[in-house]
2 protein chains.
Amino acid sequence: MGRRSDHSRDELREIAVAAGHRHMEEVGFAHFSAREVAKRIGYSIGTIYNVFGSYDALILAINGRTLALWRDHLVRRLADVQQDRLRQAIAAYFEFATTHRHAWAAIYDFRLPEDTVPPERYQAEVRAIFDIVVAEVREALPPARQDEAEPLTRSLLATVHGHCVFAMNGTFAILGEKSPADAAWQRVQEAVGILT
Amino acid sequence: MGRRSDHSRDELREIAVAAGHRHMEEVGFAHFSAREVAKRIGYSIGTIYNVFGSYDALILAINGRTLALWRDHLVRRLADVQQDRLRQAIAAYFEFATTHRHAWAAIYDFRLPEDTVPPERYQAEVRAIFDIVVAEVREALPPARQDEAEPLTRSLLATVHGHCVFAMNGTFAILGEKSPADAAWQRVQEAVGILT
DNA sequence: TGATTTATTGGACAGTGTTCAGTATCACGC
DNA sequence: GCGTGATACTGAACACTGTCCAATAAATCA
């Protein structure tokens, strides 16, 4: 067949990413299939490769969307909160991971070939989330120490992430930990408190 | 063919795990192949399934071996160190992840089917590493607080793990973090210091 | 109306995990 | 020595995967 034109190229890309994201949420990275995405949007596997160029690029697009949804969740969660904003941010981290288990895990399950860097769009998505958290951390610091917000935020994000990973992958279950979010919150409080 | 008997069943299992572990180190979880393991030990794919029962069980056996090597590395690294033992432990964490990138990542890339629990042997391997670290954390705490060592260690392990993950998967590169291990060490110092 | 560009297809290829009927070899009882 | 099981091992078959690309249909342009 030839051009079908019910969708522009950008629309088609958008539709494929949306369907791919749903598929990822349902089956997870290990059982994700590009053919299945094609099937779901009513196109053939070849079209997926025409639009995205490679399997990796498709995954990257889907993970990028997950990051955008994650940021969205974080923003909404902080929108009408006055107190304990850092704690709410941690809660949002865990909530998103729990609610979107598979899509969230896919962000970390997928690895680009070595010596390959993610595209600028994707990196921007990561930084966008980071920037939101930096602002919160800065707010929690005394004015004299606010220039330390960025390195501190990197470390605190890693800290929360570690707790979230162990909660999601069963490590904490093996070790008998039952309040991962609380533990993460303690570490964050200590780190911020010591500069106060 | 029939029974070949150059190896007992246990020997064969051992050989397969060793070869599988090497294969994993070379190509990583995404490109790991059970057929390739079979080829490397000079048996057919069927034998792999006879010995391990399933792909998942093979991966679990290989990851179990990685955990054992990791524990070994940690023990050796702490063997003749008097000062800064916690810091050395963190260094050992990062070292092992760096030196065995693929095998280390496979521990977290692989996920058992939902509602499935890893076999007791595997759990014991995880706890063995945990126990080593608990002893170090307890030693670093004042006598009156040593009963808090276990929950604290779970949290600190997660903290260090988070930093290591972000260092290995490129997140820290995107965010401009250049001393992940130092950042992790700071968080650990704070948490331990506050109880001192 | 051609000629050309573009979008889309789906078969072909090499690889995967998984199963299992078939076969070769051993150990043992007679 | 000779059956008779039990055991170890094989590899073809199946349904799937990512990847590529010659063929084709439709839209656009000259």
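Chain A is the first sequence line, chain B the second, and so forth, proteins listed ahead of strands; every chain is numbered from 1.
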Please report, to 0.1 Å, the donor-acceptor pairs under 3.5 Å made by any side chain of residues 162-176 of chain B, with sequence neighbours excluded.
{"residue": "H163(B)", "atom": "ND1", "partner": "T159(B)", "partner atom": "O", "Å": "2.8"}
{"residue": "H163(B)", "atom": "NE2", "partner": "S155(A)", "partner atom": "O", "Å": "3.4"}
{"residue": "H163(B)", "atom": "NE2", "partner": "S155(A)", "partner atom": "OG", "Å": "2.7"}
{"residue": "N169(B)", "atom": "OD1", "partner": "T171(B)", "partner atom": "N", "Å": "2.9"}
{"residue": "N169(B)", "atom": "OD1", "partner": "T171(B)", "partner atom": "OG1", "Å": "2.7"}

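The salt bridge (charged side-chain N to carboxylate O under 4.0 Å, His left out) search around R87(B) returns D182(B), not counting sequence neighbours. Applying the side chain to side chain donor-acceptor pair (under 3.5 Å) criterion to E11(A), with sequence neighbours excluded, gives no partner residue. Residues that satisfy the salt bridge (charged side-chain N to carboxylate O under 4.0 Å, His left out) test with R145(A), not counting sequence neighbours, are E148(A). Residues satisfying the side chain to side chain donor-acceptor pair (under 3.5 Å) criterion with R9(A), sequence neighbours excluded, are absent altogether. Residues passing the side chain to side chain donor-acceptor pair (under 3.5 Å) test with T153(B), sequence neighbours excluded: none. Take R154(A) and apply the side chain to side chain donor-acceptor pair (under 3.5 Å) test, not counting sequence neighbours, and it matches E177(B).
Identified under the side-chain hydrogen bond (donor to acceptor under 3.5 Å, both in side chains) test for residues 129-141 of chain A, with sequence neighbours left out: R85(A)-E136(A). Residue pairs satisfying the side-chain hydrogen bond (donor to acceptor under 3.5 Å, both in side chains) criterion with at least one member in residues 44-61 of chain B, sequence neighbours excluded, are absent.
Of the residues in residues 46-59 of chain A, those with a non-hydrogen atom less than 4.0 angstrom from any atom of DNA chain C are G46(A), T47(A), N50(A). Listed by residue number, the members of residues 14-33 of chain A with any heavy atom below 4.0 angstrom from DNA chain C form an empty set.
When the P atom of dG11(D) is taken as reference, atom NZ of K39(B) falls 12 Å away, rounded to whole Å. We find that CZ of R13(A) is positioned 18 Å from C1' of dT8(C), with the value rounded to whole Å. In this structure, F110(B) places its CZ atom 12 Å from P of dG17(C), rounding to the nearest Å.
OP1 or OP2 of dT8(C) lies within a sub-4.0 Å distance of a side-chain N or O belonging to R9(A).
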Can you name the atoms? Protein N/O to nucleotides 13-15 of chain D N/O, anything below 3.5 Å, with the distance.
{"residue": "dA13(D)", "atom": "N6", "partner": "R35(B)", "partner atom": "NH2", "Å": "3.3"}

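Between E190(B) and R187(B), at least one side-chain N (NZ, or NE/NH1/NH2) sits under 4.0 Å from a carboxylate O, which counts as a salt bridge.
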